[in-house]
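As the structure is a prediction and not an experimental result, all values here were calculated from the model.
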There are 2 protein chains.
Amino acid sequence: MNFMDQKTNLITLSDVAAAAGVGESTVSRVLRNHGSFSEKTRARVMAAVERLGYVPNRIAGALASTGTPLVAILVPSLSNIVFADLLSGVTRTLENHGRQAVFAVTDYDLDKEEALVAALLAWRPAAVMLVGMEHSEGTRRMLRAAGCRIIELLDIDGDALDIAVGFSHVAAGRETAARLADAGRRSIAYVGHDLKRDTRGAKRFSGFCAGLAEAGLTLADREVRDAPSSVGEGKAGLAALLERSPAIDAVYFSNDDMALGGYFYCLAKGIAVPDRLAIIGFNALEICRHTPQPIASVLTPRIEIGQRAAELFLSDAPSQVLDLGFSVVTGGTL
Amino acid sequence: MNFMDQKTNLITLSDVAAAAGVGESTVSRVLRNHGSFSEKTRARVMAAVERLGYVPNRIAGALASTGTPLVAILVPSLSNIVFADLLSGVTRTLENHGRQAVFAVTDYDLDKEEALVAALLAWRPAAVMLVGMEHSEGTRRMLRAAGCRIIELLDIDGDALDIAVGFSHVAAGRETAARLADAGRRSIAYVGHDLKRDTRGAKRFSGFCAGLAEAGLTLADREVRDAPSSVGEGKAGLAALLERSPAIDAVYFSNDDMALGGYFYCLAKGIAVPDRLAIIGFNALEICRHTPQPIASVLTPRIEIGQRAAELFLSDAPSQVLDLGFSVVTGGTL
DNA sequence: TTGTACGCGTTATCAA
DNA sequence: TTGATAACGCGTACAA
C-alpha cells in the first residue's frame with residue numbers, strides 16, 4: 001500500500017460500521033431507510049456517518065444490486081435551446097427520485113449515436129433516452145438486447161422501440177402550410193437548414209409540402225442551407241431566396257433561429273412584414289415573442305416532453321406512444 | 001432465480017471467456033488492449049465478443065480498478081445557452097478519451113449545488129466541474145475530502161479549490177464601463193436580472209461601477225429585475241428604466257438576453273440606437289451579430305473554457321488558474 | 001432488530 | 001503469453 005495514494009483514505013461502509021459499533025448491513029439498512037432498525041442504532045450510525053464524512057459508493061451499490069439508477073440521455077446538439085429544454089425537463093424530474101443522468105451529444109450523426117449508445121450501455125442504465133425515431137440498425141439491436149427502457153423523444157412519426165413521447169412533425173408542417181394558405185398567401189417558399197441530418201426538420205418539410213398540395217398550392221421556391229440552423233443562415237437564406245424569387249409572399253423557416261434571421265433581414269431591408277412577406281418559424285422560442293413584431297411559430301412542449309418521458313419511466317409505464325401535440329402561435333408576422 | 005428476470009440474459013466477461021475458450025483475464029486484457037496476448041487469441045476473443053454481443057460492464061470495471069472514467073458537471077441552468085456551450089466544450093473533449101459526463105442542474109442554488117455534489121460524488125468521479133467560485137462550506141469540504149480533481153469554470157475572481165478556468169467578470173464589467181465612457185456617454189444606467197443568485201452577474205456589475213468611478217462617473221440609474229434573465233425581462237426592464245430616467249444615454253445589460261429585449265424595445269418605440277441610447281450586453285451570442293444593428297457585447301470564450309478545462313484534467317495538470325480572457329465586441333449599438 | 005457470508009462483474013497480482 | 005484468485009464496496013438472503 002502506497003501511503004501517497006490519494007484514494008487510500010476513502011471511507012467505506014465498514015469503516016462506518018466499525019465506528020458505530022454495528023454490522024455493515026445495519027449501516028446499509030439505515031442509510032437506505034430500508035428494513036428495520038432501532039431509533040437508537042439509527043442515531044449512532046448517522047453520527048458516525050457525519051463524523052467520518054462518509055459518502056456511499058454508488059458504483060459498488062449498483063454492482064451489488066444489479067441495476068443502476070442511471071438514465072442515459074443522448075441529444076443531437078446543445079447549441080439549439082430546444083435540446084437543453086428537453087434535458088431540463090428530464091433531469092428536473094429525475095433528480096427528485098435519486099436518479100442520475102449521464103448524457104452525450106451525437107452531433108446529429110447516427111453512427112456517432114451508435115458508438116455513444118454502446119458506451120452508455122456499458123453503464124447499465126435503467127433507461128436510454130434518445131431524440132427522434134431514426135437510428136442505425138446497430139443502435140436498435142443493442143438497445144433491444146440491453147433489456148432496459150428505451151425512450152424516444154420529440155418525435156412520434158415512426159415505429160417506437162418502446163416508449164415515444166413527442167408530437168408529429170409531419171402534422172406540424174402540414175398545419176403550418178394550412179395556416180399560410182388560410183391567410184391568403186399564394187406564393188409560398190421555404191428556407192431551411194441541413195436536412196440530411198435533422199430528420200425531424202425533414203419531416204416538417206415533407207408535411208409542409210403535403211399541406212400546400214392539400215390547399216391546391218405548390219412550393220414556390222426553396223433555399224436549403226448546407227449548414228446547421230442559425231440566425232445567420234436564416235438571414236443569408238432569405239436574402240438568397242428573395243434575390244431569386246422576389247415575388248414570394250410568405251416563407252416557412254425550418255425553425256425559429258432561421259426565422260429570426262429572416263425577420264432581421266426584413267427589418268434591415270425595410271421589407272414590410274407581414275404585408276409584403278409573411279414569416280413563420282418553428283419552436284416558439286421566448287425571444288420570438290419579444291421582437292418588435294412577435295414571430296409566428298409552432299409551440300412545441302419540449303420541457304413537458306422531457307418531464308413526461310421521465311415520469312413514464314419512473315412509473316414503469318407500459319410501452320406506448322404519447323402525443324403531446326403542438327400549437328400554432330400566430331404573431332405579427334402572419 | 002426468476003426466469004422472468006429481464007437481466008438474466010446479460011452476457012458477462014466469463015461468458016465470453018468460455019465461448020472463446022480462454023481465461024477471463026485474457027479477455028479483459030484483449031478488450032482493454034493492455035498487457036500481452038497473441039494475435040490468435042485476440043481474434044478468438046473478438047469473435048466471441050461479436051457473436052455474443054457482449055457489452056462490458058463499466059460499473060464492475062470501475063469498482064475493480066478503483067477509479068472511474070466519470071466526470072461530474074454541475075451547471076446553474078440550461079436555459080442560458082452559455083452553459084450549454086460550456087457542456088459542449090467539455091463533453092466534446094471528454095468523449096474522445098473514453099470519459100463519460102454525468103451532469104446536474106443547480107438552478108443557481110448553492111444548497112442544491114451542495115446536495116447535488118454529494119449525489120455526484122457517490123459515483124466517485126475522477127473530476128467534478130462546477131460553475132463559478134462561490135460554493136457553500138459543505139460543498140467545499142466534501143470536494144476537498146473527495147480526493148478528485150475540482151475544476152471551477154467561467155470565473156477566476158476568487159480562490160480556486162484546485163483548477164479554475166475562465167476569465168474575470170469584474171474586469172469585464174470594468175472594461176465595459178470604460179468603453180461606454182470612451183464613447184462619450186455620460187448618463188449611464190444598468191438593467192439587470194436577479195443578482196443574488198447569479199454571482200458572476202453581480203461581479204460584472206461591481207466591476208462596472210468601479211469602472212464608471214475610474215472614469216469620473218457614477219451610475220445614473222439601475223433597474224434590477226427580480227427574475228432570471230430573459231428577453232422579456234430586458235424589454236420590461238428598459239421600459240421601466242426609461243420611464244423613470246428618460247435622460248439616460250447608455251445602458252449596460254446584465255447579459256445579451258436582456259440586451260436583446262432592450263434593443264427590441266428601442267426598435268418598437270422608435271428610440272434611436274445608438275444616437276439617443278447606446279446599448280451593450282454580455283456574452284456575444286450569435287444572434288446579436290445578426291440583428292439589424294449588431295449589438296455591442298463582450299465575447300466570452302465559453303466553449304474553449306470547457307475544452308481547456310477538460311484538457312487540463314486529462315493531462316493531469318497541476319492546480320492552477322487559467323485566464324482565457326474576453327474581448328469587447330463593438331457593434332452598431334455603441 | 002441485528003450480523004454473517006456470499007455474490008455482483010470486473011481489474012490486478014502473481015505464478016505458471 | 002496465459003489463467004487462477006484475490007480484491008473492489010456494497011446489497012441481500014439467511015440465520016441468530
Any N/O donor-acceptor pair, [X] side-chain to [N] base, under 3.5 Å:
| X | N | answer |
| --- | --- | --- |
| A:S25 | C:dT4 | yes |
| B:R29 | D:dG3 | yes |
| A:T12 | D:dG9 | no |

Original post:
Are A:R92 and B:V105 side-chain neighbours, meaning at least one heavy-atom pair lies under 4.5 Å?
Top reply: no
Original post:
Does B:L74 reach the side chain of B:V128, with side-chain heavy atoms less than 4.5 Å apart?
Top reply: yes
If you check the [X] side chain, which of [options] turns out closest?
| X | options | result |
| --- | --- | --- |
| A:S38 | D:dG3, C:dT2, C:dT11 | C:dT2 |
| B:L63 | D:dT2, D:dC8, C:dT10 | D:dC8 |
| A:V22 | C:dT10, D:dC10, C:dG3 | C:dG3 |

Can you find a side chain N or O atom of [X] that sits less than 4.0 Å from OP1 or OP2 on [N]?
| X | N | result |
| --- | --- | --- |
| A:Y54 | D:dG9 | no |
| B:S36 | D:dT1 | yes |
| B:R32 | C:dA12 | yes |
| B:T26 | D:dT2 | no |
| A:T41 | C:dT2 | yes |

In whole angstrom, what separates [X]'s [atom1] from [N]'s [atom2]?
| X | N | atom1 | atom2 | result |
| --- | --- | --- | --- | --- |
| A:K40 | C:dT2 | NZ | P | 10 Å |
| B:F37 | C:dT11 | CZ | C1' | 15 Å |
| A:L13 | C:dG3 | CG | C1' | 13 Å |
| A:R58 | D:dC8 | CZ | C1' | 18 Å |
| A:H34 | D:dG11 | NE2 | P | 10 Å |
| B:I59 | C:dG9 | CD1 | P | 12 Å |
| B:W123 | D:dC10 | CH2 | P | 13 Å |
| B:E24 | D:dC8 | CD | P | 18 Å |

**OP:** State whether the side chain of A:D107 and the backbone N or O of A:D109 hold a donor-acceptor pair below 3.5 Å, judged by distance alone.
**Re:** no
Original post:
Are the side chain of A:S77 and the backbone N or O of A:S79 linked by a donor-acceptor pair below 3.5 Å?
Top reply: yes
**OP:** Under the side chain to side chain contact (heavy atoms under 4.5 Å, CB included) rule, what do A:R124 and B:L10 come out as? Steps first, then yes or no, please.
**Re:** CA-CA 10 Å; A:R124 298 294 187 266; B:L10 285 180; 4.1 Å; yes
